[in-house]
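Quick notes on the structure that follows.
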Amino acid sequence: MADKLRAQQQLEALQARYVGTGHADTTKFEWTSNIARDSYASYIGHPALLQYMSIGLGQPREKLRAQMIDKMIQPVGPPPEPKD
Amino acid sequence: MTSFSTLSMYALTLQPPSDTQQAIVGEFTGVKGHQQILVANGSRLTLYEVTRLERVLKEIHTHDVFGIIRGLALFRLAGASKDCIIVTSDSGRIVTLEYLPHEKEFKTIHYETFGKSGIRRVIPGQYVAADPKGRAVMVASVEKNKIVYILNRNVNGELTISSPLEAHKPHTLVYDVCGLDVGYDNPLFATLEVDYSESDLDPSGKAYQEIEKQLVYYELDLGLNHVVRKWSEKVDKTSNRIFRVPGGSAGPSGVLCCGEENISYRFPYNSSSTVLRVPIPRRNGVAEDPLRKRYIVGGTMYTMKRGSFFFLLQSEDGDLFKVTFDLAGDSGSSKQTVLKMKIKYFDTIPLARSLCILKSGFLYVACESGDRKLYELEQLGDDTDDPVFDSDNYPADPLESYAPAYFQVRPLINLNPVRSITSMNPLMDMQIANLTDEDAPQIYSICGSGSRSTFRTSRNALGVCDLIESQLPQRASAIWTTKKTSDDEHDSYIVLSLLSHTLVLAIGEDVEEALNTGFLKETTTLGIQQFGDDNLLQIYPRGIRHINSIGEITDWHSPPHRTIVACASNNRQVAIALSSGEIYYFECDPDGMLAKAEDEANLEGTVTCLGIAEVPEGRVRSDFLAVGCDDKSVRIFSLVPDHDGEILNQLSVQALSASPSSIAIMSMRDRSSHGYSLYLHVGLSSGVYIRTAMDEVTGELSETRRRFLGTSPIKFAKVLAGGDPAILALTSRPWLGYTDPQNSSLALTPLNYISFDSAWTFESEQFKGIICVRGEDLRIFTFDDLSSKLHHESIELQYTPHKFVGHPEQALYYVIEKDFNVMDPATRKMFEKEAVEVAVEATKDKDGDSAMVVEMDGEQNGGATANPDGEANADDEIITLAARKYYGYPRMAGRWSSCIQIVDPVIEKAVVHSIELEKNRCALSVATVVFESHPEETFLAVGWARDFIPSPIYYKSAGVYLYKLQDNGRKLEFYHKTKLTAPPTAMLAFKGKLAIGVGNDLSLYDCGRRSLLRKAQAKACTPTRIVGLKTQGSRLIVSDLRESVTYVVHKDIVHPNRLIPFIDDSVPRWTTCTDMVDYETVAGGDKFGNLWMVRCPLKVSEHADEPNDGQPLLQDKDYLGGAPNRLELVMHYFVQDIPMAVQKTSLIAGGEKVLFWAGLQGTLGVMIPFQSRKDFKMFQQLEFLLRTNDKPLAGRDHLAYRSYYTPLKGVIDGDLIERFLVISRDMRESVASQLDGGWTVSAVEQKIWNMRGQYAF
């Protein structure tokens, strides 16, 4: 039992530290939000990728960067209604 | 046993990326008042300096850190005189660097690991901000994590860095970070944050609607050693950037917070009444949307000597605005308050990534697209009559109503453009071809975006600048210039050897024929030399004429029946070779007369050329004479008396592949420990050039480099280039052997100039350069810039180029261009027409203007499809068009501006024809095609979509326009239009038909009378969307947007024809470009910055090509939902830049084929296949040793970096290998000694140079 508790604690510590670490009850919303947020962060962080998209969309990189962070707020729409 | 790939490549960068991630200004060398600009381009850190005198941007140092540089910050410890650098990259480490000006290197002071490597959502590194007093630095990630490090000194005065202090906040996104100027109070950092935790839990979406953006201040309590969230306030939701306002004794402190049409001044604990705000003025203009609000995308703050400061902020249109403050309180006291904030239009410049203002009055603009710019600040914008908007008239909340501010764009007043620094960024497509029939091919590329788009022709050549061109009365075969005395600063005579006589010109105010110079005119001349202190020598076939300072002539005649065939001389020595094979040697006696040595050398063969070095400083003679003989040898003779007192002893002989045609010995600046070494240059009659290092004492030859330069015998001319001795090698084209100003190694680069017969240095009061003759032409030129080995020519294009295709026979390119969210010309003209109509009504002037309206109507009626280019109205539009190109096109959401342009890069060097696409169409793909059914015509097919939205993809309709090429391809005549079901994103001429990728279907079309007719189709050929096609034989290589490449075979025995995909890839690759390396192998690049090569197994390939109707292939079972077979990966390499084009080609005349690629950020690189396993093993070992001994500067592991997404396969990183050439001598020795097989440093260096020299440049 103690082992299980420790494993649980470790997992929680991991989840707190690394955003996006899943757990047994990860919902589809959490999962897809995480992927989408990771993707946007990657687009913003890789200079060439951001430039590629900014040319395609005809927008300055700085503006596109801010728009992408905006999209990270709610990347896949509102969360589903909680099921009882 | 190591297993090895069947193919190994050597990856080299030929031109580093020119896209700037960030540029900062600081005093990095530690010399007060000397500012440098530190630029992060891709993985490279480069230090530039602006020289005030020459007003050029000079590169001081560059270093490849082998990591993705994300942010730079500088800090200066209290009391230090030097700015240190903080670099954040994908290494998961914070690195502090210092530039050592004497060693010319960046030194890592400290690196501290804080997280995983790679660019991730919660690993800090996206933002870095330092406290202006150099006490602390904050590193933040996009989400959650913020780390603060305290910078301090230890007891020895060295920089130390504290353990990280965390200021994490989960579910929080960060938009920007900046360090506040608070003087010596506790360091304060401001961040723009959004907390999304509530919106993530609220299914109603209400919380999302009410999300607030916060400006948060974090205080580092130096006493308690922790970070507290000091204060936060709600700011405008659109805010995206914050800038520091000077504080402490220099200003009021606080931040400028910028958002949509909003620049507000804020400081900690401000009340809403103290917030000041100015709007971002909007452009006035006929075609400008008066309601469009702008953002600030970048800017800089500049503090002047008197302590006043201003901001230069740039809006998304490129307009610069100057923001100033009216302050209350004594300057110098810490209680300054801001009364008013003002904003005024400054100037319009290209959109910048970073703006750097230097104390010397220059503004460096690292442009987002196109050439980087250097401006001089003429004035600070105080005297212009542009409107000033101040914060008194605008509410602090941008949502309240206010009258928008407008201004009118105008040409530059405050800034004066000084230089433009070539940049191919962003590069959209590239092709290598030899359209001009030179010995090396040229690189044709389409670069830039929006109105700053260009078509570029680049070639490996040094740019030269013509000073004078004039005609001679007769053909000249050789030219010299000479001074009268050795102390003269400028040359006095130009001597030309004509067909049968010699022409002497005097250099003065004018250049005219000189009389009574003493030179013998009735003969051809072999050499002219200023001899001793004040004598002149003329060497001619029958003797040597000596002219002393008062004009007395002494002639030395060659022995009877023998003539002089070759000569070499310097200020104190002369050597001549006679037709009979003797070599006579003369020295300068104390009277300045010629003294013939007793000894002479006798050679069996005929001497073809002689070479002698200049007299080294402080010596009486140069020690060696090089003799080229027609028995294909070069002999070195000693000119120093040996112990018997004899001279002209043969020291060595070197066998050559052909007879030498010219020889020169020169002392040249290089990377050796003395800084200079002696080099023997030998030019062969076969056009091969050989450079050998020569020991200054023993004359021993070592480090031989060979290179084929041209088809005619080489002739040398000793010249000066960039202040250093250099050598011109003249053959079918001129080459320059010179010291590279950047790394001091010897380089050999062709000149972008006509070939000429003879050249010499030229130095007069007005000019300093090279004088040369070509037949009857006399020219004087200078070298432009020795640091760039690529010479670029550019032609302006209309919109962002997308793709281009060459004419099958003519030297013409067809470029398709498109810009999203840009107002198309038709709509623009409509607005202009309305404006004219309004003006007409206002003035009631009917005659002049109504005619104009009619004319405009005429243009409006031009059909959507077949309209000719609007050339008729060209005249009155030229000025506005040029202006429009400069200020950028007016924007309009959802609109496309798109056109097809024909570029002639060879003869006219201009756009020869252009066609605008109308009705919101955009061109997506282009191909030239000769249909089997119309063999006499060449067509241009252009794929388009209407009302296209790239993401998520949407279109109203799509199709192909077919144009007939007229006038040798210089005009397009509309032929017909075909509608398709999906946007055609790829097209290719294939076996007399047109292959089109329509969505994810591959179709084959033939040309019909009214439209294209589909002949074959592979439905759902690839999973997502076809973005590229390549072909060889009956095979088509289809690249998918997301899923790598699929090979398709065309079977034409059956009717309808079959297109059968038979092999695809097992890894998703977001393919951008491909090329067939051979029939089975494809090289390509993807959007994440990888280069890869995949191969089809031979059996599968043969099976696919069996001559049948393809039925067996169709019956093969699909494998895991894809094609029946899978490709094998041959090579994989992370290059960081996104490859936009890849091509198998050879780069130098007679060179082996290499894989040439061009990246979005302007990188040009090659992948060279290894020819021998032995070389590969040596380089592999060298790479391994360098990886461990010369660790990348930013703390990234080299192997991990090159394996960023997928493990590296089959590639040696040549850029890392070339680090060997610049690391310290000790480390070089140590690395070389660890290599198996007894390598010396020079042998390794030669091997590295050969890899570059034999395949690339």
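We name chains A, B, ... by the order of the sequence lines, and we start the count at 1 in each one.
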Next item on the list: Examine whether an atom of Ile55(A) lies under 4.5 Å from a heavy atom of chain B, and if so say whether it belongs to the side chain, the backbone or both; otherwise answer neither.
Entry: side chain

Next item on the list: Select, from Pro170(B), Gly205(B), Pro426(B), the one with the greatest count of heavy-atom pairs under 4.5 Å involving chain A.
Entry: Pro426(B)

Notebook entry, point to check: For Tyr889(B), is it the side chain, the backbone, both, or neither that has a heavy atom closer than 4.5 Å to a heavy atom of chain A?
Noted result: neither

Next item on the list: Step through the shown structure and confirm whether more than 12 heavy atoms of other residues, nucleotides or ligands are within 6.0 Å of CD on Glu198(B).
Entry: no

Next item on the list: Determine the option with the most heavy-atom pairs under 4.5 angstrom with chain A, choosing from Asp1137(B), Leu173(B), Thr800(B).
Entry: Leu173(B)

Note to self: Treating Arg65(A) as the side-chain partner and Tyr175(B) as the backbone partner, does any N or O pair qualify as donor plus acceptor under 3.5 Å?
What the structure shows: yes

Next item on the list: Could you grab the distance from atom OG of Ser315(B) to atom CD of Glu62(A), nearest 0.5 Å is fine?
Entry: 12.5 Å

Next item on the list: Could you have a look at Asp202(B), Val122(B), Leu351(B) and say which one has the most heavy-atom pairs with chain A under 4.5 angstrom?
Entry: Asp202(B)

Next item on the list: Indicate the atoms forming the closest heavy-atom contact of Gly45(A) with Gln126(B), along with that distance.
Entry: CA-OE1, 3.4 Å

Next item on the list: Heavy-atom distances under 4.5 Å only: say whether Tyr799(B) touches chain A with side chain, backbone, both or neither.
Entry: neither

Notebook entry, point to check: Between Phe29(A) and chain B, which part of the residue has a heavy atom less than 4.5 Å away: side chain, backbone, both or neither?
Noted result: side chain

Checklist line | Distance under 6.0 Å and angle within 45° of ring axis: Lys116(B) vs Tyr18(A) | finding: yes

Check: Do Asp200(B) and Gln74(A) get their side chains close enough for a donor-acceptor pair, meaning under 3.5 Å?
Finding: no

Next item on the list: Sort Asp819(B) into side chain, backbone, both or neither according to what part of it lies under 4.5 angstrom from a heavy atom of chain A.
Entry: neither

Next item on the list: Decide side chain to side chain contact (heavy atoms under 4.5 Å, CB included) for Asn821(B) and Leu57(A); before the verdict, give the C-alpha distance in whole Å, the side-chain angles of both, and the deciding distance to 0.1 Å.
Entry: CA-CA 8 Å; Asn821(B) 292 335; Leu57(A) 295 168; 5.6 Å; no

Margin query: Does any backbone or side-chain atom of Glu316(B) lie under 4.5 Å from a heavy atom of chain A? Answer side chain, backbone, both or neither.
Written below: both

Check: In Å, rounded to the nearest 0.5 Å, how long is the span from CD of Gln51(A) to CD of Glu368(B)?
Finding: 7.5 Å

Next item on the list: Between chain B and each of Pro78(A), Gly58(A), Ala48(A), count heavy-atom pairs under 4.5 Å; write down the option with the most.
Entry: Ala48(A)

Checklist line | Closest non-hydrogen atom pair, Glu143(B) against Met72(A) | finding: OE1-CE, 4.1 Å

Checklist line | Atom group of Thr1072(B) that falls short of 4.5 Å from chain A, counting heavy atoms | finding: side chain

Check: When only pairs under 4.5 Å are counted, which of Arg241(B), His802(B), Gln1136(B) shares the most heavy-atom pairs with chain A?
Finding: Arg241(B)

Note to self: Does Arg37(A) qualify as a cation-pi partner of Tyr196(B), given the criterion of NZ or CZ under 6.0 Å from the six-membered ring centre and within 45 degrees of its axis?
What the structure shows: yes

Check: Taking all non-hydrogen atoms of both residues, which atom of Ala66(A) and which atom of Asn240(B) are closest, and how far apart?
Finding: CB-CB, 3.8 Å

Next item on the list: Can you see which heavy atom on Val297(B) is nearest to which on Pro60(A), and at what distance?
Entry: CG1-CB, 4.1 Å

Notebook entry, point to check: With only heavy atoms counted, which part of Ser199(B) is less than 4.5 Å from chain A, the side chain, the backbone, both or neither?
Noted result: both

Checklist line | For Ile69(A) against Val174(B), the heavy-atom pair lying closest together | finding: CD1-O, 3.5 Å

Notebook entry, point to check: If you take all heavy atoms of Pro203(B) and Pro82(A), which pair is closest and at what distance?
Noted result: CG-CD, 3.8 Å

Margin query: Parallel, tilted or perpendicular, judged at 30° and 60°: which one describes the rings of His46(A) and Tyr1205(B)?
Written below: tilted

Margin query: Only pairs of heavy atoms separated by less than 4.5 Å count here; which of Leu192(B), Asp19(B), Ile68(B) has the most with chain A?
Written below: Asp19(B)

Margin query: Tell me which of these, Lys144(B), Arg70(B), Lys818(B), has more heavy-atom pairs under 4.5 Å with chain A than the rest.
Written below: Lys144(B)

Notebook entry, point to check: Considering only heavy atoms, which portion of Ile949(B) lies under 4.5 Å from any heavy atom of chain A: side chain, backbone, both, or neither?
Noted result: neither

Notebook entry, point to check: Stepwise, does the side chain to side chain contact (heavy atoms under 4.5 Å, CB included) test hold for Tyr52(A) with Gln1161(B)?
Noted result: CA-CA 9 Å; Tyr52(A) 192 90; Gln1161(B) 302 191 321; over 6 Å; no

